[in-house]
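For reference, the structure discussed in these notes is given below.
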Amino acid sequence: MSGFRAPRGTQDILPEEQPLWHYVRKKAEEICCNYGYGRIDTPVFEATGLFTRGVGQETDIVEKEMYTFNDRSGGSFTLRPEGTAPVCRAYIEHGMNSLPQPVRLYYLAPAFRYERPQAGRMRQHHQFGFEVIGDGSALVDAEVIRLAWRFFELLGLSRLSIVLNSIGCRQCRPVYLEKLKSFYEKNTDKLCPDCRVRLEKNPLRLLDCKQDKCQPLAMEAPGSVKHLCPDCLSHFELLEKYLAIAGIDYQISHRLVRGLDYYTRTVFEVLPEDKGSQSTLGGGGRYDGLIQEIGGRPAPAMGFAAGIERIILNLNRQGISVPALPRPDVLLAYTDGETRDEALAVSEGLGSSGIGSVLGREGSSLKSQLRQANNLGMKLAVIIGSDELREGRAVVRDLQKGTQETVSRKDLGLVLTASLNI
RNA sequence: GUGAGUGUGGCCAAGUGGUCUAAGGCGCCAGGUUGUGGCCCUGGAGAUCGAGGGUUCAAAUCCCUUCACUCACCCCA
């Protein structure tokens, strides 16, 4: 094993894995187009401040996971750790608030976080996400959840579930957090060490602690839904109604909180049945304050992002097979320099009529070229030897049936098209 | 950042102090007469046994260090 390897937490996606990747991306684009979303691609790095302000100074992402560097101008930049803030930046930068609202955008892009890799967690991973900006209606919340759900359905994944919660807004959340803190303060002796820190720093996180000793407390702790202000409550009730109409099942969990500071009101996740660690397939929520936070005119928004690596993990676990990618079915074999030149010309000719082909390896015997054809899984081999060259013919060998015929080279395109059912 | 496990040719893998200048399988390459694959047969290429140091007459095999990978915690997609 020689010196260089892919950096820790990154991976090469080899040709044999590409059909899965292609499948997921294609389904994502398909469904987004149907729901009226336009694709957006943003730079792989952004000004660091976009994330420290947008995602939140207190989050793990900003505190310890960002790939930040200075370029030669001295400016500080960061490899995108998540997709929402950049999309919002683009929305503001391009004046999309003067487009008909809401604006619907989706993206397929890599994201980078400095973490210890493990199953389903990479330093470079890939997200499929979509955002609806400029409409605060619960109808939009329902739309994002529907789209997320229908996407997984379209992929063929089954036995997934949606977990839903509302964590309130600037008005009601502080009140709720006080309630939560006072509940936990009465029970500090029953908390794990981590949770004692959380109590001060980020009380919401107390709720999703996985330590056994914290479980009972988290179950009993006051839920945010019971402490929503009237506006947030009616928003949440409307969302439930819309989801019911759409026929989407979900469970409400007051223990669902998400790690990014920008969420308001609705938060949700999509989980597979066999919840291991790092199992969340995707998550999202409403972020009504983000656009303003990063310098835009206030605009409500709602979005979702899924991890493509985790999707593929689950496609594999559920044994879902995906279509193969197109590939040539013909190998052109030859026997010497002159026939090689002719084979090259034939390959070009076939290519221009839409028939892909691969030339046999230079210097290989005919036997060896046919072996190559077999190893490559070719359906047909076309053999041009000196006899064929002289007579204006070619041998078309069917590698599956083991039969062959000699045809005029003028007709080769037609013969191949017929045998390949193109 | 913390904890555990693993590390022998592209892949799987035997070997736990000398017979290892490392078995076997897959894959790859080539041959099995005259221009023809897939099965079979034969041959070939390919490993400083993750790296560095130590113990020993002798180490892939023991000790130390280090790196990487895997899994889990944390957190998230």
Side-chain angles (χ1 to χ4, degrees), chain A residues 1-11 14 16 24 55 58-65 80-84 107-129 148 192-195 197-198 202 205 208-211 256-260 269-272 276-284 303-314 331 333-336 339 360-361 363-389 395-404 406:
Chain A
M1 189 77 61
S2 72
F4 293 112
R5 313 168 55 106
R8 163 167 252 198
T10 69
Q11 62 173 336
L14 302 174
E16 67 217 48
V24 174
V55 176
E58 301 299 304
T59 58
D60 275 31
I61 288 181
V62 170
E63 276 185 349
K64 51 189 195 194
E65 296 182 350
R80 164 179 50 222
E82 60 97 42
T84 299
Y107 58 88
L108 285 158
F112 305 83
R113 294 180 198 167
Y114 186 86
E115 307 191 73
R116 287 287 290 272
Q118 67 185 75
R121 194 175 70 186
M122 306 286 292
R123 288 184 175 178
Q124 178 180 174
H125 73 282
H126 300 261
Q127 292 192 1
F128 160 51
C192 72
D194 282 342
C195 278
V197 179
R198 291 187 181 111
N202 193 346
R205 295 238 73 93
D208 70 346
C209 181
K210 287 153 197 100
Q211 294 291 317
L256 173 64
V257 295
R258 296 189 41 82
L260 310 181
E269 286 187 359
V270 178
L271 303 165
S277 55
Q278 317 308 331
S279 58
T280 304
L281 276 165
F304 171 82
I308 297 181
E309 284 82 357
R310 290 188 187 175
I311 289 172
I312 288 175
L313 203 62
N314 281 275
L331 181 132
Y334 49 85
T335 54
D336 57 24
T339 53
R361 186 148 44 84
S364 294
S365 65
L366 183 59
K367 175 190 180 108
S368 165
Q369 291 178 69
L370 285 166
R371 189 152 52 208
Q372 289 160 36
N374 191 60
N375 289 353
L376 293 170
M378 295 294 180
K379 290 201 178 83
L380 300 175
V382 170
I383 301 163
I384 301 172
S386 36
D387 294 348
E388 289 79 13
L389 180 65
V395 172
V396 176
R397 182 168 177 83
D398 185 317
L399 294 172
Q400 278 150 10
K401 293 182 195 150
T403 57
Q404 63 183 44
T406 301

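So you know, we letter chains A, B, ... as the sequences are listed, proteins then strands, and number each from 1.
Tested against A/H126, the residues A/I308, A/I312, A/L108 include a single side chain to side chain contact (heavy atoms under 4.5 Å, CB included) partner, A/I308. When the options A/H125, A/R123, A/Q11, A/Q124 are evaluated for a side chain to side chain contact (heavy atoms under 4.5 Å, CB included) with A/P117, the one that passes is A/R123.
Across B/G37, B/C69, B/C74, the shortest atom-to-atom separation from the side chain of A/R8 is found for B/C69. Of the candidates B/A77, B/G35, B/C71, the closest approach to any side-chain atom of A/M122 belongs to B/A77. Side-chain atoms of A/H125 lie closest to B/A77 of the nucleotides B/G35, B/C28, B/A77. Distances from the side chain of A/L260 to the nucleotides B/C74, B/A77, B/G37 place B/A77 closest. For A/E115, whose side chain is taken as the heavy atoms from C-beta onward, the closest listed nucleotide among B/G32, B/C75, B/U70 is B/C75. Distances were taken from every side-chain heavy atom of A/R361 (C-beta onward) to each of B/A68, B/G37, B/A30; the shortest belongs to B/A30. Counting only heavy atoms from C-beta on, A/D387 has its side chain closest to B/G35 among B/G35, B/C71, B/G31. Closest to the A/R310 side chain, of the nucleotides B/A77, B/A68, B/U36, is B/A77. Set against B/U36, B/U70, B/C71, the side chain of A/P117 has B/U70 as its closest nucleotide. Residue A/A119 places its side chain closer to B/C71 than to any other of B/G37, B/C71, B/C28.
The NZ atom of A/K64 sits 7 Å away from the C1' atom of B/C75 (whole-angstrom rounding). As a whole-Å value, the separation of A/L376 CG from B/G27 C1' is 14 Å. For the pair A/R397 CZ and B/U36 C1', the interatomic distance rounds to 6 Å; values are reported in whole Å. Note: CD1 (A/I384) to C1' (B/G35) measures 13 Å, nearest angstrom. Atom CD of A/E388 is separated from atom P of B/G35 by 12 Å (rounded to the nearest Å). Look at OH on A/Y114: it is 5 Å from P on B/G1, rounded to the nearest Å. The nearest whole Å value for the distance from the CD atom in A/Q372 to the P atom in B/G37 is 13 Å. One can place CG of A/L366 at 17 Å from C1' of B/C29, the figure rounded to the nearest angstrom.
Partner assigned to B/G35 is none, using Watson-Crick or G-U wobble distances below 3.5 angstrom. Pairing for B/A72 is with B/U2, a Watson-Crick or G-U wobble pair whose two hydrogen-bonding atom distances lie under 3.5 Å. Nucleotide B/C29 has B/G43 as its partner under the Watson-Crick or G-U criteria, with both atom distances under 3.5 Å. Judged by Watson-Crick or G-U wobble contacts below 3.5 Å, the nucleotide B/U19 has no partner. Shown here, B/C62 forms a base pair with B/G54; the pair counts as Watson-Crick or G-U wobble because both key distances fall under 3.5 Å.
Counting non-hydrogen atoms under 4.0 angstrom, A/G385 reaches a base of the nucleic acid. Residue-level contact check: A/R123 touches neither bases nor backbone, having no heavy atom under 4.0 Å from any strand. Using a 4.0 Å heavy-atom criterion, one finds that A/I61 contacts no nucleic acid atom at all. Within 4.0 Å of A/G129, counting heavy atoms only, lies no atom of the nucleic acid at all. Residue contacts shown for A/Q400 include a base, since a base heavy atom lies under 4.0 Å away.
Of the residues near RNA chain B, A/G307 and A/R371, the one whose nearest nucleotide (by heavy atom distance) lies more toward the 5' end is A/R371. Both A/E309 and A/P7 lie close to RNA chain B; mapped to their nearest nucleotides by heavy-atom distance, the more 5′-ward contact belongs to A/P7.
Listed pair A/N375 / B/C28 meets the phosphate criterion, a side-chain N or O lying under 4.0 Å from OP1 or OP2. For A/R116, no side-chain nitrogen or oxygen approaches OP1 or OP2 of B/C73 to under 4.0 Å. Contact between the side-chain N/O atoms of A/Q118 and the OP1/OP2 oxygens of B/U70 is not found at any separation under 4.0 Å. In this structure, A/T280 does not reach the B/A77 phosphate: none of its side-chain N or O atoms is under 4.0 Å from OP1 or OP2. Dashed line: the shortest gap from a side-chain N or O of A/R205 to OP1 or OP2 of B/C74 is not under 4.0 Å. A/S365 has no side-chain polar atom (N or O) that falls below the 4.0 Å cut-off from OP1 or OP2 of B/G35.
A heavy-atom distance below 4.5 Å is not found between the side chains of A/Y334 and A/V382.
Counting only distance, with no hydrogens or angles, the side chain of A/E269 and the backbone of A/T280 share no donor-acceptor pair below 3.5 Å.
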